[in-house]
Amino acid sequence: MQTQSLKNEHGAVRVLEKLCWVLALIGAAVLIALALTTVISVLGRYLFNTPVSGDFEIVEIGCAIAVACFLPYCQLRQGNVIVDLFTLKAPQAFKNILDAIGCILLAIMAGLMTWRVGLSGMDLHRYNDQTMILQFNTWKAFVIIVPCLGLLTLAGLVTAWRSLKGTHGVDPHLTAEQE
């Protein structure tokens with residue numbers, strides 16, 4: 001029954017899920033590129049005494065982008081750490097309400113972060129902030145990070161709604177027999 005209600009979710013929610021999935025794949029690709037950059041830099045430093053110039057700047061910016069890309073998908077898939085020591089034996093309806101409150105708080109915080117990080121990115125652009133070695137304009141990373149935080153806000157609202165309906169954490173791809 002819960003699987004059927006998830007399959008009937010609004011098309012916008014399915015689009016959000018696809019966007020979050022694509023962002024998670026982009027985040028994975030960024031991490032792979034960062035790992036390769038690090039390996040090339042270490043080998044270059046060891047073998048030829050020529051590391052990748054600005055490798056720490058690349059890794060720093062890339063990690064920020066990758067983490068931002070992973071957050072919305074993590075929220076939709078209930079990937080956040082939950083400590084349920086006090087609610088382990090509580091009724092499911094009570095747990096659902098607590099989960100919804102947590103998701104709403106996350107959505108509020110993500111919305112505030114979207115706003116403030118967006119303003120920070122605009123300030124960095126206005127002041128032409130650049131990394132020291134590569135002279136990379138730091139505001140460019142915010143062009144990716146801010147929409148990711150916006151999607152995290154929406155993911156928090158969707159998961160809050162699912163928690164109230166009692167469908168948060170149910171995989172819509174499972175059949176009734178697998179549940």
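Along the sequence shown, residues carry numbers from 1.
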Roughly how far, to the nearest 0.5 Å, is [atom2] of [Y] from [atom1] of [X]?
{"X": "L151", "Y": "C69", "atom1": "CG", "atom2": "SG", "value": "9.5 Å"}
{"X": "T114", "Y": "R116", "atom1": "OG1", "atom2": "CZ", "value": "12.0 Å"}
{"X": "T38", "Y": "F56", "atom1": "OG1", "atom2": "CZ", "value": "12.5 Å"}
{"X": "K18", "Y": "Y73", "atom1": "NZ", "atom2": "OH", "value": "10.0 Å"}
{"X": "T50", "Y": "I40", "atom1": "OG1", "atom2": "CD1", "value": "11.5 Å"}
{"X": "I58", "Y": "L34", "atom1": "CD1", "atom2": "CG", "value": "8.5 Å"}

Taking all atoms of both residues into account, what is the closest heavy-atom pair of [X] and [Y], and its distance?
{"X": "A100", "Y": "S163", "result": "N-CB, 3.6 Å"}
{"X": "I144", "Y": "I65", "result": "CG2-CG2, 3.8 Å"}
{"X": "T159", "Y": "C103", "result": "OG1-SG, 3.3 Å"}
{"X": "R162", "Y": "L76", "result": "NH1-O, 4.0 Å"}
{"X": "L134", "Y": "E57", "result": "N-OE1, 3.0 Å"}
{"X": "T87", "Y": "F94", "result": "CG2-CE2, 4.3 Å"}

Are [X] and [Y] in one and the same hydrophobic cluster, where Ile, Leu, Val, Met, Phe, Trp and Tyr link if side-chain heavy atoms are under 4.5 Å apart?
{"X": "W161", "Y": "L19", "answer": "no"}
{"X": "L105", "Y": "I97", "answer": "yes"}
{"X": "M113", "Y": "I145", "answer": "yes"}
{"X": "F136", "Y": "V143", "answer": "yes"}
{"X": "W115", "Y": "M109", "answer": "yes"}

query: Stepwise, does the side-chain contact (heavy atoms from CB on, under 4.5 Å) test hold for L71 with C148?
result: CA-CA 8 Å; L71 288 173; C148 292; over 6 Å; no
- prompt: Counting heavy atoms not belonging to E60, are there more than 12 under 6.0 Å from its CD?
  reply: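 No, CD of E60 has 12 or fewer neighbouring heavy atoms, counting only those of other groups under 6.0 Å.
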- request: Could you point out which residue of L31, L23, L152 forms a side-chain contact (heavy atoms from CB on, under 4.5 Å) with F70?
  value: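 The residue from L31, L23, L152 that satisfies side-chain contact (heavy atoms from CB on, under 4.5 Å) with F70 turns out to be L31.
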Donor-acceptor contact below 3.5 Å, side chain Q78 vs main chain Q75: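 Side chain of Q78 to backbone of Q75, a donor-acceptor pair under 3.5 Å: no, none is there.
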message: Could you check whether any side-chain N or O of T37 sits under 3.5 Å from a backbone N or O of A33, counting only pairs where one atom can act as donor and the other as acceptor?
response: yes
- request: Kindly determine whether L98 and K95 satisfy side-chain contact (heavy atoms from CB on, under 4.5 Å), including the steps that lead there.
  value: CA-CA 5 Å; L98 289 178; K95 291 183 202 178; 5.7 Å; no
field: Results of salt bridge (charged side-chain N to carboxylate O under 4.0 Å, His left out) for D123 - residues two or more places apart only
entry: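 Once residues adjacent in sequence are excluded, the partners of D123 under the salt bridge (charged side-chain N to carboxylate O under 4.0 Å, His left out) criterion are R126.
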message: R45: which residues meet the salt bridge (charged side-chain N to carboxylate O under 4.0 Å, His left out) condition with it, sequence neighbours left out?
response: D55
Residues forming a ring pair (Phe, Tyr, Trp, His ring centres under 6.0 Å) with W139, sequence neighbours excluded: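 So W139 forms a ring pair (Phe, Tyr, Trp, His ring centres under 6.0 Å) with H125.
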- request: Flag the pair N80 / C74 as yes when at least one side-chain heavy-atom distance between them is below 4.5 Å, and no otherwise.
  value: yes
